Amino acid sequence: MVLLVGVGAAATACLTLGLSVFRAHEEFGIESLHLLVERVLFSVLAIVALTLHLGIIGVAGSFAASWTLVAALAFWLLRRRHGVGWSFDVGAFRGRGLALLRSAGPLFLADALTQIHARNGPVVLQFTLGAVEVGLYVAARRVVEG
């Protein structure tokens with residue numbers, strides 16, 4: 001189940017990246033359509049999985065499949081409409097790499113600090129109280145995130 005949720009989360013991140021290109025081209029309808037298709041596809045796949053009594057694995061598989069399929073569709077469309085591919089363009093990086101690093105540097109720092117901050121509570125609890133309290137704290141955070 002963890003693998004399926006991980007695949008779904010990775011596909012979600014890829015789709016978010018791809019949809020940002022559509023947003024940059026002011027193609028908001030295409031962005032919205034991809035998100036709508038994912039929700040409908042997940043619902044259909046989850047209903048099928050539950051009807052077949054596949055339980056939590058079936059729902060996790062539906063999550064992974066819906067995001068992966070929609071991400072693949074988005075990147076196919078990005079390649080076709082805007083020439084966006086998967087390969088690393090060394091020439092483009094040489095020409096704009098330093099500017100990219102300069103502008104993205106603060107974002108990387110903010111993300112790193114956010115990741116550290118998100119783990120402060122569990123680390124403090126682990127050293128002061130124990131694993132049960134860490135579990136309760138993390139479970140509550142996940143419910144709120146959900």
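Predicted model, so just to flag it, every value in this text is computed and none were measured.
If you chain together hydrophobic residues whose side chains sit under 4.5 Å apart, V124 and L129 never meet in one group. L54 is not connected to V59 by any chain of hydrophobic side-chain contacts under 4.5 Å among Ile, Leu, Val, Met, Phe, Trp and Tyr, and they are in different clusters. Residues L33 and V21 share a hydrophobic cluster, clusters being chains of Ile/Leu/Val/Met/Phe/Trp/Tyr side chains in contact below 4.5 Å. At a threshold of 4.5 Å between side-chain heavy atoms, the hydrophobic network of Ile, Leu, Val, Met, Phe, Trp and Tyr places V7 and F75 in two separate groups. If you chain together hydrophobic residues whose side chains sit under 4.5 Å apart, I56 and I47 never meet in one group.
Smallest separation of non-hydrogen atoms from L15 and A74: CD1-CB, 3.5 Å. Of all non-hydrogen atoms in Y137 and P122, the two that sit nearest each other are CE2-CD, 3.5 Å. Nearest approach of A49 to S62, heavy atoms of both residues: CB-OG, 3.9 Å. Smallest separation of non-hydrogen atoms from A60 and V5: CB-CG2, 4.2 Å.
Taking the side chain as every heavy atom from C-beta outward, L4 and F63 never approach each other to under 4.5 Å. The side-chain heavy atoms of I30 and H25, taken from C-beta on, include no pair separated by under 4.5 Å. Taking 4.5 Å as the limit, some side-chain heavy atom of L19 sits within range of a side-chain heavy atom of E31. Residues V138 and V134 meet the side-chain proximity criterion, which asks for heavy atoms closer than 4.5 Å. For the pair L41 and W67, the minimum side-chain heavy-atom distance is 4.5 Å or more.
Few gaps surround CG on L35; more than 12 heavy atoms of other groups in view lie less than 6.0 Å from it.
There is a side-chain donor-acceptor pair under 3.5 Å between H82 and E27.
To the nearest 0.5 Å, the span separating CG on L45 from CD on E38 amounts to 9.5 Å.
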